[in-house]
Protein chains: 2
Amino acid sequence: MNVQLENQTCKKTAILESTLILIKEHGFHGTPMSQIAKNAGVAAGTIYHYFDSKDELIKELYVYVKDRLAAATLKDDNEKQPYRDRFIDFWVNQCSFFIKHEAFLYFLEQYINSPYAKHFAMSESKLFNSKVKPFIQYGIDNGMIRKMDYELLGPIVHGSIVAAAKFHLSGRHDFTIDRLHGMAEVIWDGIKEQGELRG
Amino acid sequence: MNVQLENQTCKKTAILESTLILIKEHGFHGTPMSQIAKNAGVAAGTIYHYFDSKDELIKELYVYVKDRLAAATLKDDNEKQPYRDRFIDFWVNQCSFFIKHEAFLYFLEQYINSPYAKHFAMSESKLFNSKVKPFIQYGIDNGMIRKMDYELLGPIVHGSIVAAAKFHLSGRHDFTIDRLHGMAEVIWDGIKEQGELRG
DNA sequence: ATTCTCTAATTGAACGTTCATTCGGTGCGA
DNA sequence: TCGCACCGAATGAACGTTCAATTAGAGAAT
């Protein structure tokens, strides 16, 4: 029974990961269910044992991706550190995650801008909504970040992370944690509450 | 003869605009050629008189969209103005264009993150590449903007414009030019060469 | 003016392919 | 023997594309 559960999880995850990679490479309409099955090492019919339809599969994949992203973002977060340092870690963690897991980045960007995102707006990662979003909101509410709506600031920060990750992935530069820290500091300088000396 | 040419342009444009709106609403694979034809008021076969294939149509649509975006961005640009003011206008123009033409925004975002963008990387708007890109590059080279690669700064600026446009389109706030100017100034403060007093 | 001719634009039914989904069946653990 | 995970060929709908036929319009000839 336990083994079965593990196998179940294993096959389900295999299907999700297979879909992720194929969508990154060929887009939503370029990845047939038959190929998803083949790459996952299962039969076409098996997918329908775990997911109601292709749309449902993609919807679940989105939540899976956001969950993993949120977990990576919050890695080693320490509430006792200064907010600035936590923000920098947050930014670097997320960017590193995208650089390490290219398929997650490209799937997410495609999903966010597709009509799926509008139709399935109710499906979200609980971890992301309960931890990552509130962290930014906290910075806005408590005067560490410029007064802006989260719906405006969130995408701007996200955009900077994605831009940096894509830049590194394009191969123009070696990826180093130091370089990422530098980038994160530039973004922090841009969004932090202004009104002090700069040097 | 002249009338024929105009008609030709007219139908071709109708097909492009029809595709634009349908892709915004249903995504690439959600818009069949048959529906594109119907919405454009032409027969299915007519599309193949102007475009070799669906892929070719989407490729041409991308260049069309980038051309119109570049034209809107550069509207009323005056090289004698200070660089900062030109940048603000550039930002506000582009953001206004996206707010006014929602379909252009959503098509572009979908295209940029799709596998099309990688396969058709050679197809670009001449106007955009010869005017908009160099304008940013000029700011970097001449010390008005932080020293960064264009490939990094470009997407960050683009991301901020898209975030602001989507925010306005979400209906949370009325769209006013003043509000947009405020946003543009925040972005400018973030990317301009630092080293002065702030108040 | 009218007719003829040639070419380019346009049509939409038909074609062949591809794809998501179904379903009858297999094997295995309990 | 029951139920569950799994298989993969079969199915039918949907899609991109083709093509033979039709129309429209511009100029030449009468």
Side-chain angles (χ1 to χ4, degrees), chain A residues 1-62 107 110-111 114-116 119-120, chain B residues 1-62 107 110-111 114-116 119-120:
Chain A
M1 181 59 184
N2 200 10
V3 174
Q4 265 189 352
L5 260 178
E6 269 168 31
N7 270 344
Q8 196 172 328
T9 308
C10 175
K11 286 227 160 134
K12 190 168 179 179
T13 306
I15 292 166
L16 287 170
E17 296 274 351
S18 163
T19 310
L20 187 66
I21 284 156
L22 287 170
I23 285 181
K24 176 217 146 189
E25 272 165 17
H26 305 111
F28 289 118
H29 84 281
T31 69
M33 295 295 264
S34 56
Q35 215 173 122
I36 292 173
K38 196 190 279 181
N39 262 46
V42 302
T46 305
I47 297 177
Y48 291 86
H49 184 72
Y50 294 104
F51 306 96
D52 285 345
S53 66
K54 192 180 184 183
D55 279 4
E56 204 68 27
L57 163 59
I58 287 169
K59 184 162 100 180
E60 281 202 41
L61 178 53
Y62 170 70
F107 168 80
Q110 279 189 70
Y111 183 91
S114 75
Y116 287 111
H119 279 273
F120 302 153
Chain B
M1 179 58 184
N2 198 11
V3 175
Q4 265 188 354
L5 262 177
E6 270 168 31
N7 270 345
Q8 197 171 325
T9 307
C10 174
K11 285 227 161 135
K12 192 170 179 180
T13 305
I15 292 166
L16 287 170
E17 296 274 349
S18 163
T19 310
L20 186 67
I21 284 157
L22 287 170
I23 286 182
K24 176 216 147 191
E25 273 165 16
H26 305 111
F28 289 118
H29 85 282
T31 68
M33 295 296 264
S34 54
Q35 215 173 125
I36 292 173
K38 197 189 280 183
N39 261 46
V42 303
T46 306
I47 298 177
Y48 291 86
H49 184 73
Y50 294 102
F51 306 96
D52 284 346
S53 65
K54 193 181 182 182
D55 279 5
E56 204 67 27
L57 163 59
I58 287 169
K59 184 162 101 181
E60 280 202 42
L61 178 54
Y62 170 70
F107 168 80
Q110 280 189 70
Y111 183 91
S114 76
Y116 287 110
H119 278 273
F120 303 153

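What you are looking at is a predicted structure, and each value in this text was computed from that prediction instead of being measured. No hydrogens, no waters, no symmetry mates; every other heavy atom, side chains included, goes into these values. Chain A is the first sequence line, chain B the second, and so forth, proteins listed ahead of strands; every chain is numbered from 1.
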Phosphate OP1/OP2 of [N]: any [X] side-chain N/O under 4.0 Å:
| X | N | answer |
| --- | --- | --- |
| A:Thr46 | D:dC7 | yes |
| A:Tyr48 | D:dC6 | no |
| A:Lys11 | D:dC6 | yes |
| A:His49 | D:dA5 | yes |

Tell me: [atom1] of [X] to [atom2] of [N], nearest whole Å?
| X | N | atom1 | atom2 | answer |
| --- | --- | --- | --- | --- |
| A:Glu56 | C:dA20 | CD | P | 16 Å |
| A:Phe51 | D:dC6 | CZ | P | 12 Å |
| A:Lys54 | C:dA20 | NZ | P | 4 Å |
| B:Lys38 | C:dG12 | NZ | P | 12 Å |
| B:Ile15 | C:dA9 | CD1 | C1' | 11 Å |
| A:Met33 | C:dT22 | CE | C1' | 12 Å |
| B:Ile47 | D:dC15 | CD1 | P | 13 Å |
| B:Lys12 | C:dA8 | NZ | P | 16 Å |

Side chains of [X] and [Y]: closer than 4.5 Å at any heavy-atom pair?
| X | Y | value |
| --- | --- | --- |
| B:Ile58 | B:Tyr62 | no |
| A:Thr19 | A:Ile47 | no |
| A:Leu20 | A:Glu17 | yes |

Parallel, tilted or perpendicular: rings of A:Phe28 and A:Tyr111 (30°, 60°): perpendicular
B:Ala44 vs A:Thr31, nearer the 5' end of DNA chain C by closest nucleotide: B:Ala44
